[in-house]
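Residue numbers begin at 1 in each chain, while the letters A, B, ... track the order of the sequences.
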Amino acid sequence: MIDIQILRDNPERVRQGIALKKFNCDLDAILALDVERRQKVLESETLRAEQKVASQAMVALDKGTPEFQAKLEAMQALATRVKALEAETKAVEARWEALLLTIPNVPHASVPLGKDETENQVFKTWGNMDVISPHARPHFDIPNFEKWIDFARGVKVTGAGFPFYIGPMARLVRGLLNLFLDEAASNGYTEMLSPHLVNAASGTATGQLPDKEGQMYFANGDELYLIPTAEVPVTNFFRDEIFEEKDLPLKRCGYTPCFRREAGSWGAHVRGLNRLHQFDKVELVKWTHPDHSFAELESLREDAERILQKLELPYRVLLMCTKDIGFAHSKQYDLEVWAGGQKRWLEVSSCSNFTDFQARRAGIRFRPQAGGKVQPVHTLNGSALAIPRVLAAILENNVEADGRVKIPTILQPFFGGAYLE
RNA sequence: GGAGAGGUGGCAGAGUGGCCGAAUGUGCCUGACUCGAAAUCAGGUGUACCGUAAGGUACCGAGGGUUCGAAUCCCUCCCUCUCCGCCA
């Protein structure tokens, strides 16, 4: 949620910030409603104060006396007005808040301007794409792929995009998760195992609602959403809580399956592991002091990058341009791994600073050490990493002539072998 | 799922229609005493919104209702505990 004070004081700044993103909203309507709201609140509270004073005066009177009866009648009229006015105020506040929730975060000054994804900047590239094995081929074309990952039976049991991982492949996924979690722990992130379903309040706090309502699976009978990322339950862990400044930054990580409807996004380039409705991911989350959040974003990105380096997978880092960063995001890096078989970059991580946007919605604040008002923290998160595309890159880049897949050295103890065969 | 009890400030806990944003205890902060600490004493100690300010308003699980007036009465929902049932 945007700071309403900034919107009031400097609507042009917000307007320009939003114009750089791919979202639309009617700021003028919100500002008009803001004026109306404050006026209604003032009227309501003034009348309410009047009622309280008058009501207090009645305490002194004996019930049933003519004076009491006379006052009572006047008070009834006042109560009717108070009630009507409060109902109006409540209605205006509800509309005001609903509109406010539709305003996206504004991009940080360091985010490059751009009209679409072609203007994302390559922030850095790591590893050598040219040394990829001559046997490299798309993961869905390697000899044992269908034996290891069963899409057909996934379709039978659930639907497209819900594969089974079989035997050594299942163990490889588990090994990757353990590697990722151990790596996060060694970087100071406390592991959490979270719920996989969340309520609407949680979805709203992190910004999935109302923005991405249609992208989440919804458990109708219980009004719960299947999480699209661990970001939602993990960030909401501290919803409506106040930290002491000395406790910041806080770092947590969590493995969860992620459920995404991906409505409307199917087409070319989604074969095999490239895009799934359910996938496994380890997510890093930070709660920081506002002054340090952008530095913390850099170290968060490095924490994610280090895993790809250890897996010896070539990758690049994109600094996302204004039009391509998400609704709640202030600044965002995407990590893309090189899939040498498909010869394309696959997004395996998105590391973002949400500044105070989620924290305002979620009511996550801190008490400054020097005293003064409590204020929102900054929240950040990043994948480290999403499994299927990392898996795809390992399969594609490391497949040998005989169809066996060489397991990266760092991963071997987690997998329990040197080859997937 | 059934029956019962309950949800009040950081925590414990009183309050069953007005004198209650809320006793009391405890924790925490500040000061006094002390060489220092403990003990003791005194003061302070929630969040949000409206207002330039003075100040005002709201919040006793959530939402609605009754009433001149609701922490307190009524309704719905959520949650916790106890017992029973079911169950990995």
In terms of side-chain geometry, is the basic nitrogen of [X] or [Y] positioned less than 4.0 Å from the acidic oxygen of its partner?
{"X": "A:Glu86", "Y": "A:Arg48", "result": "yes"}
{"X": "A:Lys310", "Y": "A:Glu183", "result": "yes"}
{"X": "A:Arg360", "Y": "A:Asp356", "result": "yes"}
{"X": "A:Glu305", "Y": "A:Arg301", "result": "yes"}
{"X": "A:Glu244", "Y": "A:Lys246", "result": "no"}

Can you check nucleotides 64-66 of chain B for protein contacts, nitrogen or oxygen pairs under 3.5 Å, and list what you find?
unit_1: B:rG64; atom_1: OP2; unit_2: A:Lys90; atom_2: NZ; d: 3.3
unit_1: B:rU66; atom_1: OP2; unit_2: A:Lys83; atom_2: NZ; d: 3.3

Within the structure shown, what part of the strands sits under 4.0 Å from [X] by heavy-atom distance: base, sugar-phosphate, or nothing?
{"X": "A:Gln51", "value": "sugar-phosphate"}
{"X": "A:Lys52", "value": "sugar-phosphate"}
{"X": "A:Arg8", "value": "sugar-phosphate"}

Look for any protein N or O under 3.5 Å of an N or O in nucleotides 17-20 of chain B and output each such pair with its distance, or none.
unit_1: B:rG18; atom_1: O6; unit_2: A:Lys63; atom_2: NZ; d: 3.3
unit_1: B:rG18; atom_1: N2; unit_2: A:Ser55; atom_2: O; d: 3.4
unit_1: B:rG18; atom_1: N2; unit_2: A:Ser55; atom_2: OG; d: 2.9

Parallel, tilted or perpendicular: ring planes of A:Phe327 versus A:Phe23, cut at 30 and 60 degrees: perpendicular

Plane angle bin for A:Phe366 and A:His289 - parallel if under 30°, tilted between 30 and 60°, otherwise perpendicular: tilted

Candidate list A:Lys83, A:Lys40, A:Arg81, test salt bridge (charged side-chain N to carboxylate O under 4.0 Å, His left out), partner A:Glu88, passing option: A:Lys40

Among B:rC49, B:rU57, B:rU47, the nucleotide that comes nearest once only the side chain of A:Lys373 is considered: B:rC49

